[in-house]
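First comes the structure, then the notes that go with it.
By convention in this document, chain letters (A, B, ...) are assigned in the order of the sequence lines, proteins followed by strands, and residues within each chain are numbered from 1.
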Amino acid sequence: MLDLKFVRANPEEVKEGLARRGADVSLLDPFLKLDETRREKLHAVEQLKNRRNVVSEEIGRLKKSGQEAEDKVLEMRQVSQRIKEMDDELKDLEEQLQATLLTIPNIPNETVPYGKDSNDNVEVRRWGRPADFGFAPKAHWDIGESLDIFDFERGGKVTGARFTFYKGLGARLERSVFNFFLDLHTREHGYVEVFPPFMVNSSSMVGTGQLPKFAEDMFKVEGTDYYLIPTAEVPVTNLYSNEILDGGKLTISHCAYSACFRAEAGAAGRDTRGLIRQHQFNKVEMVKFTRPEDSYEELEKLTLNAERALQLLELPYRTVCLCTGDMGFSSAKTYDIEVWLPSYNDYKEISSCSNFEDFQARRANIRFKDGKAKPRFVHTLNGSGLAVGRTVAAILENFQQEDGSVKVPGVLVPYMGTEYIRN
RNA sequence: GGAGAGUUGGCCGAGUUGGCUGAAGGCGCUCGCCUGCUAAGCGAGUAUACGGGCAUAAACCUGUAUCGAGGGUUCGAAUCCCUCACUCUCCGCCA
């Protein structure tokens, strides 16, 4: 959520920022007009309330001393009625304003390259070299089938499309990967692990920006106000909602494993095979709460923390900076990390690392304070560290051997208890 | 799922015959005094949001709101009524 005062004071700057990311700016002027109406009305009703407070006090005094105050009571009865009407009008205005404000995306940071879509993203780093197999590499779904470690069909039977069973060493590989990620981030990168609820209420979803605009992308639990989380970002960022943190404790860094659930209404027909796009997948997420002045430095560190996981797994990747037109709703700057997938003959997103600046903090009301200074909003960041299913797919494809087995990356051998996955 | 108790400021904790209580008292914290150092002591201060003064920022002044959330009664509600959420205890059930 943008700062209303900032929008009010810098309408042109806001319009320009929104236009850069290709957002609709036509609603901004009516919005500001509405805001002005609200302030006028607020001022008027507050004056009435002041009068009511003063006179009510007087009535109390009069009655105490046994005097008559009936005329004043009658007058205040009318004033109160008027206040009630005006409060209702005001509430309506505020709801309209808030509703609009919640649908306005974040403004891109000035360092974000301008562009229309993913074609304009800018590669910033590349690591490792795709292997030269010397034989025709198979896609991970074929590898998984021949090794009998996935069961897509029964996933479909038991639940539906885009749900999968992992079996045997496949299940163990999934578990090994997220344990490795958690160990890496907690032991070497200084993150404090949390294990969050996998359902959150709607207000948490508003806090991180999934609601109100993207309800159709999520699973809602019928008869409740709860949603299945699309990412651990939601519960972990909202961990400190409506709190004022001690400035001395920042930066706070958390990592969390969670299952993630995405309905992804618009994704039908894309990535239909294999583990790449499932309605339920596992992910380890990193989340940071920083002082405003530290957030961009922390974004670089967080992105490198995610990259480190791929380096240790010996998986080739590249890192791209998303252009203004390709960024998510809440983000001010995003790096995507893309892992090499032989079956796609391309790099495929495996992590997304973003700085939201104070956009989420304002929605979720997460502030910090130094001593007697006024509370300020923190900056929030998060990034996948990493998506587990896609990591498993990348391991299978990049480490497959000519005989059909898959070599286990060295760092995972202690977790797997074997050096090869084979029939 | 059933029964009961509770939810007040950073924390603890008063306040339920409605009225000068944004809220006593204590702790904590900040500043000052005092002090060889520490401790103790003394004094002052110590919520947030949204408006207005202000054309802009800070400071300051001022108004309004906030005693779990929302609604109601009333000239006036932390105090009365209703609904909901959460916490705790007991019972049932379960992993």
Check your understanding: Between the base of G63(B) and the side chain of Glu46(A), is there a donor-acceptor distance below 3.5 Å?
Key -> yes
Check your understanding: For the ring pair Tyr227(A) and Phe219(A), is the centre-to-centre distance below 6.0 Å?
Key -> no
Check your understanding: Do any side-chain nitrogens or oxygens of Ser80(A) fall under 4.0 Å of OP1 or OP2 in U74(B)?
Key -> no
Point to revise | Secondary-structure notation, RNA chain B, from Watson-Crick and G-U pairs under 3.5 angstrom (| other strand) | key: ((((((((.[[[..)...(.....]]]((((((.......))))))(((((((......))))))).[[[[[..)....]]]]])))))))....
Check your understanding: Could you state the CZ-P distance from Arg38(A) to U64(B), rounded to the nearest angstrom?
Key -> 17 Å
Practice item. Remember a base hit wins even if backbone is also touched, and classify Lys72(A) as base, sugar-phosphate or nothing at under 4.0 Å, heavy atoms. Key: nothing
Review point. Are side-chain N/O atoms of Tyr257(A) and Glu285(A) paired as donor and acceptor at under 3.5 Å?
Key: no
Point to revise | Nearest-Å distance for atom pair CG/C1', residues Asn242(A) and A69(B) | key: 12 Å
Review point. Touch check for Lys41(A), heavy atoms < 4.0 angstrom, all strands: base, sugar-phosphate only, or nothing?
Key: nothing
Practice item. Starting from C1' on C75(B), measure out to CG on Asn50(A) and report it in whole angstrom. Key: 15 Å
Review point. Which whole-number value in Å describes the distance from Arg367(A) CZ to C50(B) P?
Key: 9 Å
**Study point:** Plane angle bin for Phe163(A) and His279(A) - parallel if under 30°, tilted between 30 and 60°, otherwise perpendicular
**Key:** tilted
Exercise for review: Rounded off to whole Å, could you give me the NZ-to-P distance for the Lys49(A) and C75(B) pair?
Suggested key: 17 Å
Exercise for review: Determine yes or no for a side-chain-to-main-chain donor-acceptor pair under 3.5 angstrom, with Asn106(A) supplying the side chain and Phe356(A) the backbone.
Suggested key: yes
Practice item. May I ask you to verify if any side-chain N or O of Arg52(A) is less than 4.0 angstrom from the OP1 or OP2 atom of U74(B)? Key: no
Study note, to complete from the structure: note: Phe377(A), atom CZ; U48(B), atom C1'; distance rounded to Å ~ 11 Å
Check your understanding: Just to confirm, is there a sub-4.0 Å distance from OP1 or OP2 of G76(B) to any side-chain nitrogen or oxygen of Lys64(A)?
Key -> no
**Study point:** Distance, P atom - from G18(B) to C80(B), rounded to whole angstrom
**Key:** 9 Å
Point to revise | Closest to the Lys374(A) side chain, choosing from G19(B), A49(B), C86(B) | key: A49(B)
Review point. So, does Thr208(A) use its side chain to make a donor-acceptor pair with the main chain of Ser204(A) at under 3.5 Å?
Key: yes
Review point. Quick one: Leu48(A) CG to G76(B) P, roughly how many Å, whole number?
Key: 13 Å
Practice item. Give a yes or no on whether a salt bridge exists between Lys348(A) and Glu338(A), defined as a side-chain N under 4.0 angstrom from a carboxylate O. Key: no
Review point. So, does Glu297(A) use its side chain to make a donor-acceptor pair with the main chain of Glu293(A) at under 3.5 Å?
Key: no
Point to revise | Whole-Å C1' distance, C81(B) and A23(B) | key: 23 Å
Review point. In terms of side-chain heavy atoms, does Asp326(A) have a donor or acceptor partner in Ser118(A) at a distance below 3.5 Å?
Key: no
Practice item. Could you check whether Ile59(A) gets within reach of a base, just the sugar-phosphate, or nothing at all, counting any heavy atom under 4.0 Å? Key: base
Review point. Of all the nucleotides listed (C75(B), U48(B), G51(B)), which has the minimum atom distance to the side chain of Lys5(A)?
Key: G51(B)
Review point. What nucleotide, of G70(B), C50(B), C75(B), holds the atom closest to the side chain of Lys91(A)?
Key: G70(B)
Review point. With sugar-phosphate meaning primed atoms plus P, OP1 and OP2, does Arg82(A) contact a base, only sugar-phosphate, or nothing at under 4.0 Å between heavy atoms?
Key: nothing
Review point. Toward the 5' end of RNA chain B, which comes first, Leu74(A) or Glu57(A), by nearest nucleotide?
Key: Glu57(A)
Check your understanding: Just to confirm, is there a sub-4.0 Å distance from OP1 or OP2 of C75(B) to any side-chain nitrogen or oxygen of Arg77(A)?
Key -> yes
Practice item. For G10(B) and U73(B), measure between their C1' atoms and round to the nearest Å. Key: 35 Å
Point to revise | Nearest-angstrom distance, C1' atom, U8(B) to G22(B) | key: 11 Å
Practice item. Establish, with yes or no, whether the OP1 or OP2 oxygen of G19(B) is under 4.0 angstrom from a side-chain nitrogen or oxygen of Arg61(A). Key: no
Check your understanding: Hey, what's the ring geometry for His189(A) with His185(A), parallel, tilted or perpendicular (30° and 60° as the breaks)?
Key -> tilted
Review point. What's the CD-C1' distance between Gln47(A) and A65(B), to the nearest Å?
Key: 16 Å
Revision key, fill the gap. By nearest-nucleotide position on RNA chain B, the 5'-leaning member of Asn53(A) and Lys369(A) is Lys369(A)
